[in-house]
Amino acid sequence: MNRCALRKKIHAYDFAILEFGMYLDTHPWDTRALQKRQSLQKEREALVGEYERRFGPYIVTSTQVRGNRWSWVDNPWPWEYNEEECN
Amino acid sequence: MWQYNKKLQYPVNIKNPNPKFAKIIISQYGGPDGELGASMRYLSQRYSMPYAELKGLLTDVATEELAHMEMVSAMVQQLTRKMTPEQIKEAGFDTYFVDHTAGVYPIAASGVPWTASYIGVKGDVITDLHEDLAAEQKARTTYDNLLRLIDDPDVRDPLKFLRQREIVHYQRFGEAQPTKWNDKGGAADKSA
């Protein structure tokens with residue numbers, strides 16, 4: 001999977017996990033929802049691990065650094081127009 | 001505290017700059033029912049909430065609103081790329097441009113800068129939740145209005161996503177009725 005496709009996949013997981021989190025805020029006793037969220041979290045961790053090994057930090061506190069450069073600062077930044085349509 | 005995820009919550013890729021659209025979309029950044037106000041409202045209300053579940057909900061919704069604020073700003077930035085003086089004047093964007101150039105400033109479409117007067121923090125759980133329900137509907141209506149006025153599919157797509165999220169937030173606040181919570185989770189004033 002290329003960088004773009006991997007990011008898109010992680011973003012989908014991010015969204016699903018966020019949605020479950022918000023639901024659980026008002027339904028903290030819902031163990032089924034909790035378990036579903038945790039299994040999504042596990043799948044997401046694997047993808048983020050792969051992303052960071054190959055491309056560098058996904059989040060600013062990431063422990064993964066690729067090569068000798070703090071690639072966190074590199075372009076593109078998320079708000080910029082990207083013909084590739086990859087965020 | 002917060003960490004930054006280097007991404008937009010939902011993609012914004014606008015092929016065709018259009019300062020006319022930017023003029024009205026900017027209201028969802030710095031306007032009365034925009035995302036900046038939403039975030040500040042929920043972040044501020046959570047401190048006086050007596051129930052753990054509500055502190056969690058307000059924190060999490062507020063954080064998502066920051067991500068929406070970022071998406072709206074991205075839209076404004078992409079719509080105001082590479083403007084010629086003619087385009088600026090023709091779009092009526094000159095009155096904004098003179099003070100901000102192509103910077104993205106928290107302001108309403110009317111030209112009024114963002115103000116805390118746009119938000120309510122009453123310190124009463126019932127009052128604040130009702131404010132939040134209304135806020136989500138006002139934001140949803142604003143997105144309805146933007147969709148009435150904008151025909152570019154690149155612009156409509158993220159607007160439709162943001163509109164949907166307002167409806168989901170409204171439902172979450174609707175579920176947050178104080179009578180079902182216990183206050184064992186927090187150090188709140190029990191007389192609240």
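Reminder, nothing fancy here: chain letters follow the sequence lines and each chain counts from 1.
- The heavy-atom pair separating A:Thr26 from B:Arg172 by the smallest distance is CG2-O, 3.8 Å.
- Taken together through direct or relayed side-chain contacts under 4.5 Å among Ile, Leu, Val, Met, Phe, Trp and Tyr, B:Tyr143 and B:Phe21 form part of one hydrophobic cluster.
- Side-chain contact check for A:Glu19 versus B:Val168: some heavy-atom pair is nearer than 4.5 Å.
- Residue B:Gln171: no heavy atom, backbone or side chain, is found under 4.5 Å from chain A.
- Atom CD1 of B:Ile126 has 12 or fewer heavy atoms from other residues, nucleotides or ligands within 6.0 Å.
- Both B:Leu147 and B:Met75 sit in one connected hydrophobic cluster of ILVMFWY residues. Membership requires side-chain heavy atoms under 4.5 Å apart, directly or through other members.
- Here the side chain of B:Lys6 pairs a donor or acceptor atom with the backbone of A:Trp72 at under 3.5 angstrom.
- Proximity to chain A involves both the backbone and the side chain of B:Leu57, based on heavy atoms less than 4.5 angstrom apart.
- Tracing side-chain contacts under 4.5 Å through hydrophobic residues (I, L, V, M, F, W, Y), one reaches B:Val12 starting from B:Phe161; they form part of the same cluster.
- Cluster membership check: B:Leu133 does not share its hydrophobic cluster with A:Tyr23, using side-chain heavy-atom separations under 4.5 Å among Ile, Leu, Val, Met, Phe, Trp and Tyr.
- Within 6.0 Å of the OH atom in B:Tyr170, the count of heavy atoms belonging to other residues, nucleotides or ligands does not exceed 12.
- Residue B:His130 places its NE2 atom among 12 or fewer non-hydrogen atoms of other residues, nucleotides or ligands, all under 6.0 Å distant.
- Hydrophobic clustering (ILVMFWY, side-chain heavy atoms < 4.5 Å, transitive): A:Val48 and A:Met1 are in one cluster.
- Cation-pi geometry between B:Arg81 and A:Tyr81 is met: the NZ or CZ atom falls under 6.0 Å from the ring centre, inside 45° of the normal.
- At distances below 3.5 Å, at least one donor-acceptor pair connects side-chain atoms of B:Gln78 with backbone N or O atoms of A:Trp79.
- A:Phe15 touches chain B through its side chain: at least one heavy atom from C-beta onward sits under 4.5 Å away, while N, CA, C and O do not.
- Taking NZ of B:Lys7 as the reference point, atom CZ of A:Arg7 lies at 8.5 Å (rounded to 0.5 Å).
- Nearest heavy-atom pair across B:Asp60 and A:Met22 is O-CE, 4.5 Å.
- Inter-residue side-chain proximity for A:His11 and B:Leu8 is flagged as unmet; no heavy-atom pair is nearer than 4.5 Å.
- Proximity to chain B is limited to the side chain of A:Leu18, based on heavy atoms less than 4.5 angstrom apart.
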